[in-house]
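This report refers to the structure that appears directly beneath it.
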Amino acid sequence: MFSTIRSKFYCFYVLIALFLACIMTIVLQSNLKSISTNEILLEEFRYIQNYSRLIHLLQKERGLTANYFSNRTAENKVNLENARSNTDEQLGIFANTLDASDTTSQITQIRNQADQGKSVPSSTTKEYSLIIYRLIRAFSSNSFIENFHHTPQYLIVENLISTREHLGKLRAYITTLLNNKNASEQDSLYIDSENSYYLAAKENLLSILNQEYPGITQEITRSNHIKNAEKFVQTYSETKVTNLSPNEWFRLSTQAMDYYLSVQNNLNSLIEEKLTQNIKSSKTTALLASTATILAITLSFIFFVKYLNLFSSRILALDTKMKSILSTNNYQIEIYDTNKDEISEISNSLNTLLKFTNSLIEEKDLLASRDKLTNLYNRHKFSSLFHLELDRYKRHGTTFSICIFDIDFFKKINDVHGHAVGDEVLVKLSSVISQHIRANDVFARWGGEEFVLLLPSTTIHSALIFAEKIREIVEKISFTRNFNITISIGVTEVTQDDTQDSLIIRADEALYESKRTGRNKVTPK
């Protein structure tokens with residue numbers, strides 16, 4: 001009887017110590033993962049800062065190019081040469097991570113054509129804008145910032161860059177028009193269109209920014225630099241008459257763009273400070289968890305040795321199983337003990353804990369792979385499935401195609417009917433299309449109103465037929481507010497040299513072509 005009481009005493013304390021060790025191990029693993037994640041995010045964010053600076057310098061060079069070739073003064077020439085030097089220096093940072101040689105070649109060609117008088121200012125501006133557009137598009141799928149893509153700060157940075165880009169285009173085009181009194185009506189209309197894009201981008205930026213940094217949102221709203229530039233554009237758009245000289249307009253618009261840049265610099269400091277603080281906090285917690293884990297394991301070992309004298313073989317088996325579970329993180333393993341004593345009770349308790357832990361992990365894995373609104377695969381899950389399909393293609397030559405599509409004028413739906421109806425559109429569209437795809441097709445929400453379909457064992461010819469079918473089905477969907485929608489689709493087929501980024505970019509360019517040429521259509525590339 002004494003032995004039984006003593007064994008229960010040892011068993012109780014061993015169970016408590018092991019339980020604490022398990023909990024502390026999970027806490028420690030969680031904090032180590034948090035440290036690693038935040039360090040990666042910090043590294044990616046610093047890459048974003050350099051990437052954003054490259055875009056900013058190209059925007060500045062574009063504006064100074066328009067200003068100089070419309071007004072060839074010595075001061076403007078010096079400013080342009082300095083801007084080009086800064087751009088080249090920034091390009092050097094991306095020598096191993098960006099297709100820098102191709103981008104540099106394009107920029108050199110634009111400069112040479114402009115210097116030799118082989119292109120008009122408006123054409124030069126458009127060429128610069130195309131390079132910047134490509135960089136911004138590549139920015140959203142850049143593998144070097146894969147983790148940062150999933151943070152709210154990424155959306156803020158992306159929309160801030162987009163807002164600056166539209167304002168930068170206005171700066172360049174209006175500068176050209178002010179220096180060219182014979183500008184065409186089409187050029188003037190382009191100002192109206194670009195101003196609409198700018199105001200929409202700014203509104204979207206403020207909406208997203210207000211969720212995380214309401215104080216900065218108010219500062220942008222109150223900024224006189226931005227108000228002055230917007231007021232001038234509005235007046236110029238309405239009357240095409242201005243008292244400002246090209247240089248004065250260039251100075252005014254540059255002040256607004258520099259203000260946006262100062263906002264981004266301020267955000268950069270806040271974001272970097274937060275990430276640094278997260279790393280420091282996780283390290284402190286990890287240190288405490290490590291100490292608690294060591295203490296719990298030490299206590300467990302003391303009682304374990306005593307308990308081993310009574311039930312050595314069974315305890316050894318139990319210990320081996322537990323070590324296997326902790327080393328492999330396989331919480332599906334169960335510990336069986338058919339005896340009706342203290343050891344069997346411990347086994348049953350541990351099984352309960354393991355099942356609970358495993359259910360939490362499975363639930364976490366499920367949530368991590370699905371879009372919360374549509375229940376489609378999210379971008380992260382799509383990427384992992386894509387790489388499996390790409391590996392299969394490169395090993396066995398089994399081709400596949402990609403379709404990217406988004407809802408035409410989706411912002412208008414949100415503006416007119418509200419975001420609840422917009423969500424209904426996304427959910428119903430996802431449900432309807434899911435009913436018409438094959439079991440092995442991969443359907444994912446790429447972001448916002450944009451979706452992607454991976455079609456295994458499908459040539460581009462078959463993919464085009466399928467995409468056209470989907471487009472027609474979507475046209476017929478009706479919603480509670482009695483309206484219909486259309487989608488624009490880009491389709492492409494994999495090649496031997498493709499990566500996920502290159503395939504997505506090519507499909508995205510086809511999508512852009514569908515939108516550019518009228519929407520509600522399918523375009524291959």
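Since this is a predicted model, take the numbers as computed values, not measurements.
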Applying side-chain hydrogen bond (donor to acceptor under 3.5 Å, both in side chains), run through Arg62 and Ser129 and close with a yes or a no.
CA-CA 8 Å; Arg62 175 183 58 195; Ser129 298; 3.0 Å; yes

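Counting all heavy atoms, side chain and backbone alike, Gln500 lies closest to Ser383 at NE2-OG, 3.0 Å. The two residues Asn520 and Ser488 come nearest to each other via the heavy atoms N-OG, 3.2 Å. In this structure, Ala463 and Ser401 approach most closely via the heavy-atom pair CB-CB, 3.6 Å. Between Ala200 and Lys411, the closest heavy-atom pair is CB-CE, 4.5 Å. When all heavy atoms of Leu167 and Ser253 are compared, the pair lying nearest together is CD2-O, 4.5 Å. In terms of heavy-atom proximity, Ile220 sits nearest to Tyr259 at N-OH, 3.8 Å.
The side-chain heavy atoms of Phe386 and Ile504, taken from C-beta on, include no pair separated by under 4.5 Å. Contact annotation: the side chain of Glu61 approaches that of Arg111 to within less than 4.5 Å [non-hydrogen atoms, C-beta and beyond]. Counting only heavy atoms from C-beta outward, the side chains of Ile216 and Leu270 approach each other to under 4.5 Å.
In this structure, the separation between CG on Asp423 and CD1 on Ile413 is 11.5 Å, given to the nearest 0.5 Å. Between the CG atom of Asp88 and the CD1 atom of Ile107 there is a distance of 7.0 Å, given to the nearest 0.5 Å.
Ring-plane geometry between Phe400 and Tyr393 is classed as perpendicular, the angle between the planes exceeding 60 degrees on a 0 to 90 degree scale with a lower cut at 30. Ring-plane geometry between Phe451 and Phe443 is classed as tilted, the angle between the planes lying from 30 to 60 degrees on a 0 to 90 degree scale.
Ion pairing of Lys227 with Glu230 is absent here, as no side-chain N (NZ or NE/NH1/NH2) approaches a carboxylate O to less than 4.0 Å. One finds a salt bridge joining Arg516 and Glu513 here, because a Lys/Arg side-chain nitrogen approaches an Asp/Glu carboxylate oxygen to under 4.0 Å.
A cation-pi geometry, defined here as NZ or CZ lying under 6.0 Å from the six-membered ring centre and within 45° of its normal, does not hold between Arg445 and Tyr377.
Among residues at least two apart or in separate chains, there is no side-chain hydrogen bond (donor to acceptor under 3.5 Å, both in side chains) pair with a member in residues 210-220. Residue pairs meeting the salt bridge (Lys or Arg N to Asp or Glu O under 4.0 Å) criterion with at least one member in residues 75-86, sequence neighbours excluded, are Arg84-Asp115. Judged as a salt bridge (Lys or Arg N to Asp or Glu O under 4.0 Å), the pairs with a partner in residues 446-470 (not counting sequence neighbours) are, in order, Glu468-Arg471.
When Phe409, Phe479, Phe483 are each tested for a ring-ring contact (aromatic ring centres under 6.0 Å, His included) with His417, only one passes: Phe483.
Between the side chains of Asp258 and Thr254, no donor-acceptor pair of N or O atoms lies under 3.5 Å. Donor-acceptor pairing under 3.5 Å is lacking for the side chains of Asn266 and Ser269.
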